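I have placed the structure first, in the form of structure tokens, so that the comments after it can refer back to it.
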Amino acid sequence: MGYEVNKIQSQFEELKSIIISHKNRAYQAVNTELITTYWEVGKFVSKKTKTAEWGTGAVDQLVDYLKKEQPDLVGYNKRSIYRMVKFYETYSSPEFVSAVLSQIKLADIQKDTIVSASLTQFVPFLSLINWTSHLEILTGCKGVEEKIFYILLSYREKLNYRELSRQIESSVYERSLLGEKKQSLKLKETYPTAKQLFKDRYMVDFLNLPENHSEKTLQQGIIQQMKKFIL
């Protein structure tokens, strides 16, 4: 009887995995379409506002037009549209594309497709995270390298926008650079991939430890705040 129960339970787990897998794929598909839409809108408005075709009030007219023609359409006010423009202009810049090509190696994204004329094939990389997370990165990060760092960090660690915001405010990127600089020349020569060994970092600011705390104090703090540490 116990064997049969365990067998059924195992089958339930398998079915649950199937459901979750397809649910995640559906979410990713929706997110990709959303990111693609914002990319194309940003691209269109960016190009029009840089020509004589659209004057200073054209975006306001666009917002009014969309409200009239598509009253159920949300997320297309003046501020949002300019965010889409910033999104497109930032991520389509030669500096950003060049940095991605030189640093990012993703199995699903081929270099020759990223640099296509319209750059629409670049969207799969941007679709690794959601729109809200992109807004956090665009407003909270300055340099190209920093933006790429947080896109990948958010994707790898599955951070929501609040967690991502906290990582940015905690200067995780700067700390990672500092940690890399502190590696000895001998270590870098002997183990070229050493920085990958030390890339997993944990933000424990909530423990309120003194700057020069001991490992024992750190362990005690983590035990006392185990729930926050896990989260």
Side-chain angles (χ1 to χ4, degrees), residues 25 27-54 58-59 62 75-76 79-161 163-165 167-169 171-181 192-193 195-196 199 201:
R25 287 172 60 184
Y27 168 79
Q28 185 59 48
V30 171
N31 185 61
T32 298
E33 285 301 318
L34 189 66
I35 294 298
T36 303
T37 300
Y38 292 161
W39 173 275
E40 293 294 344
V41 171
K43 175 184 175 181
F44 188 93
V45 176
S46 174
K47 292 184 180 300
K48 292 299 181 183
T49 53
K50 290 180 179 179
T51 67
E53 289 186 70
W54 284 27
V59 174
L62 171 63
Y76 287 89
R79 183 184 181 189
S80 297
I81 290 175
Y82 275 114
R83 281 176 169 176
M84 296 172 200
V85 171
K86 183 178 180 181
F87 173 70
Y88 168 75
E89 293 180 346
T90 299
Y91 291 148
S92 66
S93 68
E95 295 80 9
F96 188 86
V97 174
S98 177
V100 171
L101 293 179
S102 62
Q103 295 187 22
I104 308 304
K105 292 182 179 180
L106 297 175
D108 296 333
I109 303 178
Q110 300 297 323
K111 291 185 177 181
D112 58 344
T113 61
I114 292 180
V115 291
S116 60
S118 65
L119 285 173
T120 53
Q121 293 298 325
F122 193 42
V123 171
F125 169 67
L126 301 178
S127 299
L128 292 176
I129 62 176
N130 60 37
W131 176 245
T132 309
S133 295
H134 275 301
L135 293 181
E136 288 290 333
I137 292 172
L138 288 171
T139 57
C141 303
K142 296 180 180 179
V144 168
E145 305 288 346
E146 185 179 4
K147 290 182 176 68
I148 294 175
F149 174 88
Y150 283 112
I151 288 174
L152 293 178
L153 179 68
S154 181
Y155 170 71
R156 189 189 72 175
E157 303 296 336
K158 300 295 185 282
L159 303 177
N160 59 43
Y161 80 94
E163 294 167 339
L164 174 60
S165 177
Q167 299 283 11
I168 294 174
E169 291 176 359
S171 302
V172 174
Y173 173 68
E174 287 81 359
R175 295 188 191 190
S176 70
L177 292 181
L178 183 61
E180 184 177 344
K181 289 179 181 179
T193 60
K195 69 177 183 179
Q196 297 299 320
K199 70 179 181 179
R201 297 175 174 83

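Residues: numbered from 1 along the sequence shown. Quick caveat, the model's predicted, so the values are computed rather than measured.
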- Message: With salt bridge (Lys or Arg N to Asp or Glu O under 4.0 Å) as the rule and sequence neighbours excluded, what pairs involving residues 44-53 come up?
- Response: K48-E53, K50-E89

- Interatomic spacing from CD1 in I81 to CZ in F44 - rounded to 0.5 Å: 11.5 Å

- Got a second to check how far L153's CG is from E163's CD, nearest 0.5 Å? 10.5 Å

- With no hydrogens and no angle check, is any side-chain donor or acceptor of T32 less than 3.5 Å from a backbone partner on Q28? yes

- Query: With sequence neighbours excluded, what pairs up with T90 under the side-chain contact (heavy atoms from CB on, under 4.5 Å) test?
  - Reply: K86, L138, K147

- First locate atom CG of L164, then atom CG of N130, and finally report the distance between them rounded to the nearest 0.5 Å. 9.0 Å

- Looking at L126 and H134, what are the two nearest heavy atoms and their distance? O-NE2, 2.7 Å

- Interatomic distance, Y91 atom OH to W39 atom CH2 [nearest 0.5 angstrom]: 10.0 Å

- Item | Single hit among Y38, Y82, W131, F96 for ring-ring contact (aromatic ring centres under 6.0 Å, His included) with F87 | W131

- Query: Which atom pair, heavy atoms only, marks the closest approach of F125 to L152?
  - Reply: CE1-CD2, 3.9 Å

- Residues that Y173 engages under side-chain contact (heavy atoms from CB on, under 4.5 Å), provided they are two or more places apart: E145, E146, F149, Y150, S176, L177

- Message: As an exercise, state the distance from OG of S133 to CG of L159, rounded to the nearest 0.5 Å.
- Response: 7.5 Å

- Message: Quick check for you: to the nearest 0.5 Å, what is the distance between M84 atom CE and L135 atom CG?
- Response: 9.0 Å

- Please check if the side chain of N31 supplies one atom and the backbone of L128 the other of a donor-acceptor pair under 3.5 Å. no

- Message: Within the supplied structure, the quantity of interest is the number of heavy atoms (other residues, nucleotides, ligands) at a distance under 6.0 Å from K142 NZ; does it exceed 12?
- Response: no

